[in-house]
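Data first, discussion second: the structure below is written as C-alpha cells.
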Amino acid sequence: MTNKFYVTTPIYYVNDKPHIGSTYTTVAADALARAHRLRGVPTLFLTGTDENSQKNVEAAQKAKAADLQTYLDDMAAIWQKTWKTLGISFDDFIRTTEERHLKAVKRFWRAVEKSSDIYKDSYERMYCVGCEEFKTQFEVKDGHCPLHPNKELQLVKEENYFFKASAYKDELLKLYHTHPEFVQPVSRMNEVRGYVKDAFEDFSISREAQKLSCGIPVPGDDSQRIYVWFDALINYMSAVGYGTDDKLFNKWWPASLHLVGKDIIKFHCALWPAMIMSAAKSDPLLQNENGTPKLPERIFAHGFFTIDGQKISKSLGNAIDPLDLAKEYPFDAIRYFLLREIPFGEDGDFSKTRLADRYNSDLGNTLGNLLNRAISMSRKYFDNKVPSCELQDTRIGLEGTSWAGSEGMDTLWQEVDQYIDAARLDLALETIWNGENCSLISANKYVEETRPFKLAKDNLEQTGIVLYTLLEACRQYAWMLEPIMPNIAEEIIRQLGQDPKKERKQGIKVLKTWGGLKPGSELPEPKILFPKLV
RNA sequence: CGCGGGGUAGAGCAGUUGGCAGCUCGCCAGGCCCAUAACCUGGAGGUCGUCGGUUCAAGUCCGACCCCCGCAACCA
C-alpha cells in the first residue's frame with residue numbers, strides 16, 4: 001500500500017481570478033487530500049500559479065499594472081487568499097517565479113541536456129499564441145490554427161532548443177500498456193495513446209529572449225527563454241525540493257495523483273513523463289532503485305461543465321466567482337454539489353436550481369432531518385442523553401428491518417474507501433445516500449420500520465437500541481463525509497455531544513469502529529443543519 | 001475526414017465485465033406524526049436517437065447514419 005499521498009492541482013494562470021471551474025479542480029483535490037489525511041496517510045496537497053506565461057504579460061498590461069512582478073504578486077495573493085477563504089487545505093502553494101522553482105528547472109534542464117535530448121535547430125514554424133504551441137503543417141488550416149482561427153499565426157523563424165520527445169514514444173506506449181491506470185478515465189487514456197502513436201513529435205522548448213518579456217532563461221544561454229509548458233510541469237517537483245532539498249524530494253516524489261482538466265492531458269500524460277524519462281537518465285535522484293524513471297503514479301482528468309447549459313464565458317457574464325457563491329450557500333454544500341452532481345471525469349452542468357435542489361433534498365431532508373429526528377427522540381425519551389445500548393456485538397438493530405447492522409456499516413466504509421481510491425467521490429456520495437448497506441435512505445426506513453416514537457411507550461430497551469443505532473450511524477456518516485464537507489462533519493459530531501478534535505485524534509480505525517458514541521453522554525439541543533432554501 | 005462529450009420516464013442523470021430498464025426531483029394516492037410541510041409505502045410515466053449486424057440474450061458489442069453540445073473571444 002501507499003505510505004504517502006502527494007496530490008496536485010494544475011498551476012493556474014494568473015490572468016484572471018479563480019472561478020467555479022478552477023474551484024472544481026481544487027475542491028476535488030482538497031477532498032482527496034482530506035480523505036487521505038483522515039486515514040492517517042502522510043499527505044501533501046499542492047496547488048499554485050503559473051507565472052511565466054505570455055498570457056500573464058498581456059493581462060498585466062490590460063490591468064495597467066505598475067509592472068509585471070507587482071501584477072503577478074497581487075494575483076498570486078488573490079488565488080491564495082481565495083483558497084484560504086474557502087477552507088481549501090493546501091499544504092503548499094508554488095509560484096513558478098519562486099527561487100526554488102528556478103533552481104528545479106535549472107537542474108532539470110541540465111539533466112535533460114546531459115541525456116543528449118536537447119538540440120538546437122533552426123525552424124520556420126507556425127506558432128499559435130492561443131495554444132502557446134507550434135502547429136504542424138497538418139494542423140494548420142487555411143493559414144490559421146483551427147482552435148484559434150481569428151488569431152494570426154505567427155511565422156517564427158528562429159533558433160530554438162528542442163526536446164527530443166519522439167525518442168520516448170515507445171517507452172510511453174509501453175508505460176500506457178503496463179500501467180493502464182496511469183491515465184484516467186479510460187477514455188482519456190485512449191485519447192493520449194492515440195496522440196502519442198500518431199502525433200507525438202519533438203517539442204520546441206525555448207524561444208528567443210528578445211521576443212519575450214517573461215520566462216525562465218535557458219541555463220547557459222541568456223538569449224533563450226524556456227517555453228512555458230516545459231517549466232510549468234516541473235512545478236510538481238520543485239515544490240517538493242527538486243534542486244533544493246534531496247531528502248524532501250525523496251520523501252514525496254513521485255506524485256500519487258495529478259488532477260488535471262481534460263484540456264491539458266497531452267502535456268501531463270505524454271510530454272511530462274517523456275521529460276522525466278529523459279532527465280532520469282542523467283539524474284539518479286529521478287531513478288527508482290532499479291534505474292527506471294520515477295514517474296507520477298496517476299493522472300486523473302476531469303471534465304468541464306457548463307452553467308445552465310451554457311459554456312462558461314465572461315462575455316456572457318455567467319462566470320461564477322466562488323467567493324460570491326459562498327455567500328449564497330454554505331461552501332460545504334457547494335462542495336457536496338460539485339462532487340456529487342457530476343460523474344468525476346465526465347462533463348456536467350452547473351445550475352443554482354440543481355444546487356438548491358440537492359441542498360434541500362439530499363442534505364436537508366435526508367441527512368439533516370435524520371440527525372435531527374434521531375437527536376430529538378433520544379432527548380425526549382432518554383433525558384437528553386445518548387441512550388445506553390447493551391448489545392456490544394454486531395447484531396445491533398432489530399430483526400427484519402432495512403438496517404444492515406454494524407457489519408453493514410463496515411461494508412459501507414469499504415465501498416466508500418474503494419471509490420475514494422478510484423477518485424470517484426461522486427460514487428462514494430451516492431453510495432452513502434442510496435447504497436445497499438446502511439445508507440442514509442435505509443436509516444430513514446429503519447425509523448419507519450421500528451417506530452421508536454411508538455416503541456418508547458412499551459419497550460424502552462429496544463427503543464434505546466434503535467436510537468443508539470441511529471446516533472452512532474450519524475457519527476460514522478459524519479466521518480465518512482468529512483473529506484467532502486469538513487465543517488458539516490464537525491457540526492454533526494458536536495450535535496452528537498462529542499468533541500470533533502478529540503475524536504479525530506483517535507484515528508480512523510477507532511472512528512470506524514461501531515460504538516464510538518458513549519452511552520449516557522449529553523445531547524445538546526439540535527440545531528437545523530441545513531435550513532431550507534427558498 | 002480538426003479534437004472531444006452526448007442523445008435512456010415531464011426535468012436532470014446512473015447504468016462497470018451483454019442476463020427482468022434504475023436513481024434524484026416533480027406529479028398522483030396512501031401511511032406516519034419523532035423530525036427541517038420533513039420521513040415511509042404504492043402508482044402513473046420509456047419502442048434506451050435511427051437503421052442494420054453479432055448473439056439463446058444488446059441501453060450495453062460491431063457497422064452506417066441523424067441530431068445536440070463543448071474547444072475556435074475570456075475560460076478548468
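Note on naming: letters A, B, ... go to the chains in the order of the sequence lines (proteins, then strands), and numbering restarts at 1 for each one.
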A:D362 has an atom CG; how far is it from atom P of B:C25, in whole Å? 7 Å
To the nearest angstrom, the CG-P distance between A:N444 and B:G31 comes to 20 Å
Nearest to side-chain heavy atoms of A:R354, which nucleotide of B:G12, B:A38, B:C40: B:G12
When you look at A:W83 and A:F90, which way does the ring-ring contact (aromatic ring centres under 6.0 Å, His included) test go after all the steps? CA-CA 8 Å; A:W83 300 144; A:F90 59 92; 8.0 Å; no
So for atom CD, which belongs to A:E181, do other residues, nucleotides or ligands contribute more than 12 heavy atoms lying within a distance under 6.0 Å? yes
Contact class for A:F304 vs. all strands (heavy atom < 4.0 Å): base, sugar-phosphate, or nothing? base
Can you tell me how far P of B:C74 sits from OH of A:Y13, to the nearest Å? 11 Å
Between the main-chain N or O of A:R95 and the side-chain N or O of A:E51, is there a donor-acceptor pair closer than 3.5 Å? no
Given B:G70, is OP1 or OP2 found less than 4.0 Å from the side-chain N or O atoms of A:T306? no
Write down the distance between CZ (A:R424) and C1' (B:A14), rounded to a whole number of angstrom. 10 Å
Taking atom types as they are modelled, would you say the side chain of A:N369 forms a donor-acceptor pair with the base of B:A38 within the 3.5 Å cutoff? no
Round to the nearest Å and state the distance from A:H19 atom NE2 to B:C74 atom C1'. 9 Å
Between A:G21 and A:D357, which is nearer to the 5' end of RNA chain B once each is assigned its nearest nucleotide? A:D357
5′-ward residue of the pair A:N434/A:S187 relative to RNA chain B: A:S187
Rounded distance in Å - CG (A:N372) to P (B:C33): 18 Å
Criterion ring-ring contact (aromatic ring centres under 6.0 Å, His included) on A:F230 and A:F203, from CA distance to verdict: CA-CA 9 Å; A:F230 195 84; A:F203 273 82; 8.9 Å; no
Could you state the atom-to-atom distance from CZ of A:R340 to C1' of B:U24 in whole Å? 8 Å
Once you round it to whole Å, what is the distance between C1' of B:A76 and CZ of A:F344? 11 Å
Of A:F331, A:Y329, A:W433, which is the lone residue that meets ring pair (Phe, Tyr, Trp, His ring centres under 6.0 Å) with A:Y336? A:W433
